[in-house]
Amino acid sequence: MPKYRDKPVQSFNIFEAEEEVLSLDSEISIHDKMYYQNDAPEIDDASYDRLRRRLEGLVQRFPELAKITPTLQRVGTTPSPSFSKVTHREPMLSLANAFDDADVNDFLSRVGRFLSLDIAQGIEIVAEPKIDGVSASLRYEKGLFVVGATRGDGTVGEDITDNLRTIKDIPQSLTGDFPETLEVRGEIYMSKTAFYELNSTQMGSNSKVFANPRNAAAGSLRQLDATITASRKLNFFAYSWGEISELKADNQSQFLEMLSKW
């Protein structure tokens, strides 16, 4: 175990903190590669989140150390060289986590400040399910699905258009009064039932067994042979947008309603 791993964040001096920040940054980078590139995580999500929170806590206590930890500025990981690249017209960022009431209250306070709202009067929010899958971007032009990509590093992703075309939840064309350009963002996931079925098949053929449904979805999606993706039971749900030629919604719930119609 690293030298200072059990030491409370508030007890560090700057020299100890610098050593621990470098250690955490290196460790998290390894786990990011195993998770995003290799689809083979070595630790569970809760353990990974603890490492991230510890690193964030140290940088918050010693802001001058932010420059030595690129991990906190990085989203996802570098796209695989096996796939063609897609540059996102709008950055494709990750969602932040909230672990307790204080995190939620802090989020609401930031929303209030950003929108100049009085949070004492209440703020309407939309709550949506969070399924642990693989982020994907679907680009539609004049109603036709033309390009699909992974998040990659948030700026450049992997072109997985052919693989996404095999997923029944993803329409090849839109209907209704849709915008000329629409980039839909959402999550590719695998149900637990499909996950157990896949692992049973994998074991029967002495093939790789996946650690969890998220990694099974990622491994199925990032195949150079789209027929392999087609043989797996994958689903998709949309929750946001990237580039859009015209946004007629005033809030998130209206946008989700329009997505259902399109």
Side-chain angles (χ1 to χ4, degrees), residues 1-2 24-52 71 74-86 92 94-95 97 129-138 145 147-154 156-172 185-239:
M1 177 177 289
L24 286 164
D25 187 85
S26 175
E27 188 173 346
I28 291 172
S29 293
I30 292 171
H31 290 307
D32 281 347
K33 182 175 181 180
M34 295 298 297
Y35 185 90
Y36 291 108
Q37 285 191 341
N38 300 344
D39 302 319
E42 293 183 332
I43 60 174
D44 58 35
D45 289 352
S47 299
Y48 177 84
D49 287 339
R50 282 194 292 272
L51 293 175
R52 293 275 310 196
T71 291
R74 186 170 58 239
V75 176
T77 190
T78 304
S80 168
S82 300
F83 293 86
S84 299
K85 305 298 183 292
V86 174
M92 197 169 177
S94 61
L95 300 175
N97 291 319
K130 174 64 174 77
I131 296 178
D132 193 20
V134 183
S135 296
S137 165
L138 317 176
F145 176 44
V147 176
T150 63
R151 182 170 60 193
D153 62 7
V156 178
E158 299 156 334
D159 187 335
I160 52 169
T161 307
D162 291 341
N163 301 42
L164 291 174
R165 289 192 190 279
T166 70
I167 299 175
K168 294 179 180 179
D169 287 350
I170 296 176
Q172 300 305 304
R185 292 179 174 178
E187 203 90 349
I188 305 293
Y189 67 98
M190 180 177 287
S191 71
K192 285 186 177 179
T193 299
F195 167 68
Y196 294 134
E197 290 177 354
L198 174 60
N199 265 354
S200 177
T201 300
Q202 295 292 97
M203 285 187 287
S205 60
N206 291 320
S207 301
K208 173 184 177 180
V209 175
F210 294 97
N212 53 55
R214 187 268 168 201
N215 293 103
S220 302
L221 189 64
R222 298 170 73 247
Q223 293 285 337
L224 297 178
D225 182 356
T227 62
I228 297 177
T229 305
S231 70
R232 309 281 174 83
K233 295 179 181 179
L234 298 174
N235 295 98
F236 173 80
F237 74 95
Y239 55 75

query: What pairs with D132 under side-chain hydrogen bond (donor to acceptor under 3.5 Å, both in side chains), at least two apart in sequence or on another chain?
result: none
Spacing of L24 atom CG and H31 atom NE2 [to the nearest 0.5 Å]: 10.0 Å
query: Any side-chain heavy atom of I167 within less than 4.5 Å of one from L221?
result: yes
message: Using side-chain contact (heavy atoms from CB on, under 4.5 Å), reason through I43 and L51 one step at a time and then give a plain yes or no.
response: CA-CA 11 Å; I43 60 174; L51 293 175; 4.0 Å; yes
field: Residues in side-chain hydrogen bond (donor to acceptor under 3.5 Å, both in side chains) contact with Y189, at least two apart in sequence or another chain
entry: none
message: Could you report the tightest heavy-atom contact between Y239 and S135, atom names first, then the distance?
response: OH-OG, 3.9 Å
CE on M190 to OG on S220, rounded to 0.5 Å: 4.0 Å
message: As a quick check of understanding, evaluate side-chain contact (heavy atoms from CB on, under 4.5 Å) for T150 and V86, giving each step before the final call.
response: CA-CA 8 Å; T150 63; V86 174; over 6 Å; no
- prompt: Just wondering, do R165 and I170 contact through their side chains at under 4.5 Å, heavy atoms?
  reply: no
query: Which residues pass the side-chain hydrogen bond (donor to acceptor under 3.5 Å, both in side chains) test with Q202, sequence neighbours left out?
result: none
query: Of all heavy-atom pairs between A149 and L164, which one has the smallest distance, and what is that distance?
result: N-CD1, 4.0 Å
message: Do E158 and S84 make a side-chain contact, defined as non-hydrogen atoms from C-beta onward lying under 4.5 Å apart?
response: no
field: For K192 against P213, the heavy-atom pair lying closest together
entry: CG-CG, 4.5 Å
- prompt: Which heavy atom in A226 sits nearest to a heavy atom in N163, and how many Å separate them?
  reply: CB-OD1, 4.0 Å
message: Is it the case that the side chain of S200 and the backbone of Y196 share a donor-acceptor pair, with hydrogens and angles ignored and the cut-off at 3.5 Å?
response: no
- line: Closest heavy-atom pair, F236 versus D169, reported as atoms and distance to 0.1 Å, is N-OD2, 2.9 Å
- prompt: What residues, two or more places apart in sequence or in another chain, satisfy side-chain hydrogen bond (donor to acceptor under 3.5 Å, both in side chains) together with N212?
  reply: N215
field: Where at least one partner belongs to residues 225-239, residue pairs that pass salt bridge (Lys or Arg N to Asp or Glu O under 4.0 Å), sequence neighbours excluded
entry: E197-K233
message: For T161, is there any backbone N or O sitting under 3.5 Å from a side-chain donor or acceptor partner on D159?
response: yes
Residue pair T229, D162: steps toward the side-chain contact (heavy atoms from CB on, under 4.5 Å) verdict: CA-CA 9 Å; T229 305; D162 291 341; over 6 Å; no
query: With sequence neighbours excluded, what pairs up with K168 under the salt bridge (Lys or Arg N to Asp or Glu O under 4.0 Å) test?
result: none
query: Shortest non-hydrogen contact from E187 to I131?
result: OE2-O, 3.4 Å
